[in-house]
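Down below is the structure, laid out as structure tokens.
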There are 2 protein chains.
Amino acid sequence: MKNKIKQLRGERGWSQAVLAEKLDVSRQSVNAIETGRYDPSLPLAFRIARIFGVPIEAVFDDGDGA
Amino acid sequence: MKNKIKQLRGERGWSQAVLAEKLDVSRQSVNAIETGRYDPSLPLAFRIARIFGVPIEAVFDDGDGA
DNA sequence: CATTTCTGTAAAGCAACCTTTACATATATC
DNA sequence: GATATATGTAAAGGTTGCTTTACAGAAATG
């Protein structure tokens, strides 16, 4: 599952640590999700999308079926 | 995390077993998600939304922050 | 060059998701 | 009443998500 977290985060000038704090998760979780090591849970995906102010589909992309 | 799977499924006349087959998961998983015992993974949430032809936010609702 | 900030990754452990097998109940149709 | 379909739930086990602690390299700043 691809995502645009790095891009959205960069546009706002937030470090991984800052985003992690806003999301109430560890910095390692942000890094792991951003680098594609694993996908976030659905509740966390909602928080991520809401913090960036966009729909979930604007952050995550399963190509066509992952 | 609340969801409208039961409603969307009912509108289409699909049983839990039929939906499970379309999603490629077990019937028990569909039941557990539908009855709120746990949330689907993000990839599964994408498949669910796509099968119903609606955005993820139209199926799932975390109230305001779960 | 020294220090700080940011990022990437690893290991160990707990919690959540999802599976298979199995049983119980309800409703419908014969 | 018997059979079939639909739903709800449980237990055990594997996989994935997320944590804490820890180390290392890259990039900025003094």
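Numbered from 1 within each chain, the chains take letters A, B, ... in sequence-line order.
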Which heavy-atom pair separates [X] from [Y] by the least distance, and what is that distance?
X      : Y      : value
N31(A) : Q16(A) : ND2-OE1, 3.2 Å
F60(A) : M1(A)  : CB-SD, 4.1 Å
A45(A) : L42(B) : CB-CD1, 3.8 Å

Should K6(B) be listed as having a side-chain N or O under 4.0 Å from OP1 or OP2 of dA6(D)?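 Answer no for this pair, as no side-chain N or O of K6(B) is under 4.0 Å from OP1 or OP2.
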Which nucleotide in [options] has an atom nearest any side-chain atom of [X]:
X      : options                   : result
Q28(B) : dT20(C), dC18(C), dT21(D) : dT20(C)
N31(A) : dT7(C), dG17(D), dT19(C)  : dT7(C)
L44(A) : dC18(D), dA6(D), dG8(D)   : dC18(D)
V25(A) : dT19(C), dG8(C), dT19(D)  : dT19(D)
S15(B) : dC6(C), dC18(D), dT7(D)   : dT7(D)
Y38(B) : dG8(C), dC17(C), dT19(D)  : dC17(C)

How long is the line joining [atom1] of [X] and [atom2] of [N], in whole Å?
X      : N       : atom1 : atom2 : answer
Q16(A) : dC6(C)  : CD    : P     : 10 Å
L23(B) : dC17(C) : CG    : P     : 16 Å
E34(B) : dA6(D)  : CD    : P     : 13 Å
I33(B) : dG8(D)  : CD1   : P     : 13 Å
M1(A)  : dT16(D) : CE    : P     : 14 Å
R37(A) : dT7(C)  : CZ    : P     : 14 Å
I5(A)  : dT7(C)  : CD1   : P     : 13 Å
D39(A) : dT15(D) : CG    : P     : 17 Å

Answer with base, sugar-phosphate or nothing: what part of the nucleic acid does S41(A) contact at a heavy-atom distance below 4.0 Å?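 Answer is sugar-phosphate: S41(A) comes under 4.0 Å of backbone atoms only.
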Using modelled atom types and a 3.5 Å cut-off, is there a donor and acceptor pairing between side-chain atoms of R9(B) and backbone atoms of W14(B)?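 Pair found, side chain donor or acceptor close to backbone of W14(B).
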P40(B) vs R27(B), nearer the 5' end of DNA chain C by closest nucleotide: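 Its nearest nucleotide being more 5', the pick is P40(B).
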Is a salt bridge present between D62(B) and R50(A), judged by a nitrogen-to-oxygen distance below 4.0 Å?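 Yes, charged N to carboxylate O under 4.0 Å.
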